[in-house]
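What follows is a single structure, written as structure tokens, with notes after it.
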Amino acid sequence: MEDGTKFAPPLPHSQIYHALVRAGTRIRPLQQVHARMVVSGVHCIRSLFTKLITLAGASTASNSGHYIRCLLHSAPNPDGFLFNTLIRVSSKSDRVSSADSIFFYRQMWSEGIQPSSYTFTAVLKACGDHSALRLGRLLHSQAVVNELDEDCYVQTALVAFYSKCGDVGIARMVFDRMREKSIVAWNSIISGYEQNGLADESVELFFEMNKMDSAPKADSATLVSLLSACSQLGRSDLGDWIRDYMSAKGIEPDAILGTSLINMYSRCSHVRKAREVFDNLKQRNVISWTAMISGYGMHGHGDEAMTLFHEMNSEGIRIRPNHVTFVAILSACGHAGLVNEGRRIFASMKQDHKVIPKMEHHVCMVDMLGRAGFLDEAIEFIKEHIPAGSAGPEVWTAMVGACKLHKNFKLGVEAAERLMCVEPNNPGHYVLLSNLYALAGMTDDVETVRNKMVRRRLKKQVGYSMIEIDEVGHVFRMGDRSHSQTRELYRCLDELMLKTCSAVSD
DNA sequence: ATAGGGTTAG
């Protein structure tokens, strides 16, 4: 840095500029400086406006969206630089629709302004978030025309874009062509494989990077993706290895990485290890607490989930549960049959925590009450809490499941009929309803539904599963008896059922 | 005068 005195004398706008910098990303102070800009007639100076919108766009306040939108659409006569800023701010901020980003790109294009690498990185991000594959491909070709396809930032953005649109094959091709591969580029392709269900490839690529001297070192973002891959593969051994790797490299888990570890261990059914990680975390946020609670919930440890939930709300811990936390605790109660606790939590959710119950919470409650056999109360709950006619398909699906479980086929038929009304074009519901008619002994109606389904040309996708053993693939469809070892397979299945039933009655 | 790419819960 040069000595400050060597700089040119302050520009007329420099005071405003510094006022903006001082305001930082806080919306109110920015608005005050903005007002001063309008009064002094400099609010149309592009450099000042650009700085203003960059700062406002970086704000993390939840109520900043409206102001940012106002700024975006009052930009004075944008040049290339300002257009890039408009595109980036609207693609970054989740409070602004990233469709705006694409809109600004089109406007820039129609005004004949030359795009730069900044333009492409920003607008490709918006395309990725929108899964706008066609537009993104078009942008790719425009990047080639503008000779920006060799720019490593643009290439990284392309890798991320194709991954998000589900085309990891193309993402990989772009990645392989990169001359300089930053850690961000590696992370984009590793997470791309993982997000598209190709966990094996993602792990393989990580180890390839890890053994190359010329490749960058893994950072916490790499490990977050890798831990998700472990959950997908059920490879807690690899998860253990990552934990050792972290301590060897001195990577202290932050809230994000810590939460990923917790999720990995819970999903691999090592709840105790998950708890150990949780207890040792230096940084915990709502997400970490929620992950641990849901880890207990998914393994039926309702009591532990409750204890943790209360601990989270106890004095001295200033972490407040959000709507996801309530889904986690309510479903933990549901799986463990803690009906009284669940009812109490639902009541306190609105009263004490100011979290407005959404459809997902209602589903948890209906599921919980229904599983426990309180079918009438579940129906009452729907009537009382959900405006008539607006219960979603998830609510009725939970209700149907509960009715089947407790063999109340009359109520089950009613619930399934409601489900049909809500989603008349879902072929699965026709099958469900006709099964229930059959169970309820309403044979005439079975025919009617089946016929209706045929008339409307609806077909349910047949469920199937696959497994590969010694490089031979085996496919199983619903009711399929074509496998050469069908008899043995079904005998094995019967044994499993017996074991499961005796485990439940224990 | 002003700026960039990846990673967070059910």
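Every chain is numbered from 1 and lettered A, B, ... according to where its sequence line falls, protein lines coming before strand lines. In what follows, every heavy atom counts, from backbone to side chain, and hydrogens, waters and symmetry copies are set aside.
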Base, sugar-phosphate, or nothing: which does [X] touch, judged by heavy atoms less than 4.0 Å apart?
| X | value |
| --- | --- |
| A:Tyr17 | sugar-phosphate |
| A:Gln155 | nothing |
| A:Ala328 | nothing |

Whole-Å gap separating [atom2] ([N]) and [atom1] ([X]):
| X | N | atom1 | atom2 | result |
| --- | --- | --- | --- | --- |
| A:Ile183 | B:dG5 | CD1 | P | 16 Å |
| A:Leu82 | B:dA1 | CG | P | 17 Å |
| A:Arg46 | B:dA1 | CZ | P | 14 Å |
| A:Leu148 | B:dG5 | CG | P | 16 Å |
| A:Tyr162 | B:dG6 | OH | C1' | 18 Å |
| A:Asp219 | B:dT7 | CG | C1' | 8 Å |
| A:Trp289 | B:dA9 | CH2 | P | 19 Å |
| A:His361 | B:dG10 | NE2 | P | 13 Å |

Ring centroids of A:Tyr118 and B:dA3 base under 5.5 Å with planes under 30°: yes
Given [options], identify the nucleotide with an atom nearest to the side chain of [X].
| X | options | answer |
| --- | --- | --- |
| A:Phe81 | B:dG5, B:dT2, B:dA9 | B:dT2 |
| A:Ser117 | B:dG6, B:dA9, B:dG4 | B:dG4 |
| A:Thr156 | B:dG5, B:dT8, B:dA3 | B:dG5 |
| A:Lys164 | B:dG5, B:dG6, B:dA9 | B:dG6 |
| A:Val224 | B:dA3, B:dA9, B:dT8 | B:dT8 |
| A:Ser188 | B:dG4, B:dG6, B:dG10 | B:dG6 |
| A:Lys125 | B:dA3, B:dA9, B:dG6 | B:dG6 |
| A:Ala221 | B:dG5, B:dA3, B:dG6 | B:dG6 |

Residue pairs passing the ring pair (Phe, Tyr, Trp, His ring centres under 6.0 Å) test where at least one lies in residues 154-174 of chain A, sequence neighbours excluded: A:His140-A:Tyr162
Neighbours of DNA chain B within residues 242-269 of chain A, by heavy-atom distance under 4.0 Å: A:Ile256, A:Asn263, A:Arg267
Contacts of type salt bridge (charged side-chain N to carboxylate O under 4.0 Å, His left out), residue A:Lys404, not counting sequence neighbours: none
Pair A:Phe278 and A:Trp289, ring centroids less than 6.0 Å apart: yes
Output field: ring centroids A:Phe346/A:Phe381 closer than 6.0 Å: yes
Any donor-acceptor N/O pair under 3.5 Å between B:dG5 base and A:Ser182 side chain: yes
N/O donor-acceptor pair, side chain A:Ser331 with base B:dG10, under 3.5 angstrom: no
Electrostatic pair A:Asp240-A:Lys273, nearest N-O below 4.0 angstrom: yes
Spacing of A:Tyr118 atom OH and A:Leu148 atom CG [to the nearest 0.5 Å]: 11.5 Å
Any side-chain donor near an acceptor of the partner, A:Asp219 and A:Thr222, under 3.5 Å: yes
From CA spacing to verdict: side chain to side chain contact (heavy atoms under 4.5 Å, CB included), A:Glu423, A:Trp396: CA-CA 11 Å; A:Glu423 274 190 335; A:Trp396 295 115; over 6 Å; no
